[in-house]
S.K.: 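I'd like to ask some things about the structure below.
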Amino acid sequence: MSIPVVDFGAYSLDETDVSDKQLSKLSNELKTAFTEVGFVFLENTGITEEEVDHVMDICKKFFLQPEELKQPFSRKSFANNPNHGWVSLETERLNPRRPGDLKEAFNLTSLHPDIKWPSSDALKGFKEIQTSFFMRCKELSLRVLRVMALSLGLDPEVFLSAHSFIGTDKNDTTLRSLYYPPVESDKAKEDQVRCGEHSDYGSFTLLFQSCEGLQVCRRSGEFSGVPAIPGTVLINIADLMQRWTSDQFVSVRHRVLLPPVGDSGTRQSLAFFVHPDNDVLITCCDGSNKYPPITAADYLIERFNDSYGQN
Ligand SMILES: O=C(O)CCC(=O)C(=O)O
Ligand SMILES: [Fe+2]
């Protein structure tokens, strides 16, 4: 089944009122997508293509700076939050059996006032643009969490109340800007890719892509390309949500390969990884105890150890 496109207009960020009937229609559509495919394109969310371009443009300026200007903002160098900051090329391997991914990333995980931001004229607005986009993604995510609960016939607050602290250091939700530089495919290491096969870790991810390149694993085990539909948000279920819903919602592996030989294009994407609050104990929402309870924080630590190595 290909990835469905669902019109989210009735519950878009521009709408203040939504009827029960509209919510019920949306929840039916999202249920089909999340149980059968694990991915859905949402259109008319209220987040515009212009907003996304604006964030990608300022992020590209950050990534194109010389290494020594990015180094002070490295991930693990922020006392407030170990996941906040810049990740250099080939540092992360989302499929640990491959060489390091050919991508750079900037994680906005902490909005704490003590966080240090780039201050050069060239990057004017970097903090404000990213912070306001983070808040827009947060608002949309809270709406999606409500619809998810309704779609499973649960109390509409059940997922929402476990995401009360997005944007604080009690929650690991991250806006990750990704930059895939031009690749000379013949210079890449054997088996190296832009982003190795993986499934996401937390509740779900909002993904905004500048162009095609993402591939999703089908039931057959084969990967196939995903279109980039301007103005839409691609949402995928992540592993902790699959566990929380006792495998009703499916978290599906995906990857970004190298561009074809001779293609010297770059790629950019923005991923908003939604995580439950660190201290929330995740227990199967159907009461089945199919998986033992685990806190969101412990679960995430386990997963980071896999993608960055134990040390
Ligand atoms: O860049 C993309 O389109 C996908 C990135 C991704 O899957 C991730 O960072 O988890
Ligand atoms: Fe991913």
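What's counted below: heavy atoms across the whole structure, side chains too, no hydrogens, waters or symmetry copies. Ligands are counted one by one from 1 in listed order, and the atoms in each one are counted from 1 as well. Nothing here was measured: the structure is a model prediction, and the numbers come from that model.
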S.K.: Side chain to side chain donor-acceptor pair (under 3.5 Å) between Thr174 and Asn107: does it pass, once the steps are laid out?
M.R.: CA-CA 6 Å; Thr174 296; Asn107 293 341; 5.7 Å; no
S.K.: Side-chain contact, heavy-atom cut-off 4.5 Å: Leu13 with Thr45?
M.R.: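 Not in contact.
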S.K.: Counting each atom of ligand 1 from 1 as listed, which ones have a heavy atom of Phe273 under 4.0 Å away?
M.R.: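 Contacts of ligand 1 toward Phe273, numbered from 1: 8 (C), 9 (O), 10 (O).
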S.K.: Under a heavy-atom criterion of less than 4.0 Å, does Arg267 contact ligand 1?
M.R.: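 In this structure, Arg267 qualifies as a contact of ligand 1 - some heavy atom is under 4.0 Å.
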S.K.: Is it the case that more than 12 heavy atoms not belonging to Asp17 sit under 6.0 Å from its CG atom?
M.R.: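 It does not: Asp17 CG has 12 such atoms or fewer within range.
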S.K.: With Lys21, which residues qualify under salt bridge (Lys or Arg N to Asp or Glu O under 4.0 Å), at least two apart?
M.R.: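 Salt bridge (Lys or Arg N to Asp or Glu O under 4.0 Å) list for Lys21, sorted by chain: empty.
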S.K.: Any idea which atoms of ligand 1 are less than 4.0 Å away from a heavy-atom of Tyr180?
M.R.: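 Going through ligand 1 atom by atom, the ones under 4.0 Å from Tyr180 are 1 (O), 2 (C), 4 (C), 5 (C).
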S.K.: Which of the atoms in ligand 1, numbered in the order shown and given with their element, are less than 4.0 Å from a heavy-atom of Leu207?
M.R.: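 Counting from 1, the qualifying ligand atoms are 3 (O).
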S.K.: Counting only heavy atoms closer than 4.0 Å, does ligand 1 sit against the backbone of Ala271, its side chain, both, or neither?
M.R.: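 It is neither part, as no heavy atom is under 4.0 Å.
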S.K.: Under a 4.0 Å threshold between the charged nitrogen and the carboxylate oxygen, would Glu197 count as salt-bridged to Arg98?
M.R.: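 Salt bridge present between Arg98 and Glu197.
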S.K.: Short list, please: which atoms of ligand 1 are under 4.0 Å from a heavy atom of Leu178?
M.R.: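 Near Leu178, the atoms of ligand 1 are 1 (O), 5 (C), 9 (O).
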S.K.: Quick one: name the protein N/O/S atoms under 2.8 Å from the Fe ion (ligand 2), chain by chain.
M.R.: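 Metal shell, protein only: His198 NE2, Asp200 OD1, His254 NE2.
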S.K.: Could you tell me the residue and atom name of the protein heavy atom closest to atom 8 (C) of ligand 1, and the distance to it rounded to 0.1 Å?
M.R.: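 Here the closest protein heavy atom is His198 NE2, 3.5 Å.
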S.K.: Distance under 6.0 Å and angle within 45° of the ring axis: does Lys103 meet both against Tyr179?
M.R.: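 Judged by the rule, Lys103 and Tyr179 form no cation-pi pair.
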S.K.: List, by chain and then residue number, the residues other than Leu89 in its hydrophobic cluster (Ile/Leu/Val/Met/Phe/Trp/Tyr, side-chain heavy atoms under 4.5 Å); write none if there are no others.
M.R.: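 Besides Leu89, the hydrophobic cluster comprises Leu102, Val183, Leu258, listed by chain and residue number.
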S.K.: With a 3.5 Å cut-off and no angle check, do the side chains of Tyr180 and Asp101 form a donor-acceptor pair?
M.R.: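 Per modelled atom types, Tyr180 and Asp101 side chains form no pair under 3.5 Å.
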S.K.: Could you list which atoms of ligand 1 come closer than 4.0 Å to a heavy atom of Asp200?
M.R.: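 Result: 10 (O).
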S.K.: In plain terms, say whether Glu212 and Arg267 are close enough for a salt bridge, that is, a side-chain N and a carboxylate O under 4.0 Å apart.
M.R.: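 No, Glu212 and Arg267 are not salt-bridged.
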S.K.: What pairs of residues pass the ring pair (Phe, Tyr, Trp, His ring centres under 6.0 Å) test when at least one of them lies in residues 1-30, not counting sequence neighbours?
M.R.: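 Sorted result for residues 1-30: Phe8-Tyr11.
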S.K.: In this structure, does ligand 1 have an atom that sits under 4.0 Å from one of the heavy atoms of His254?
M.R.: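 Judged by the 4.0 Å heavy-atom criterion, His254 does count as contacting ligand 1.
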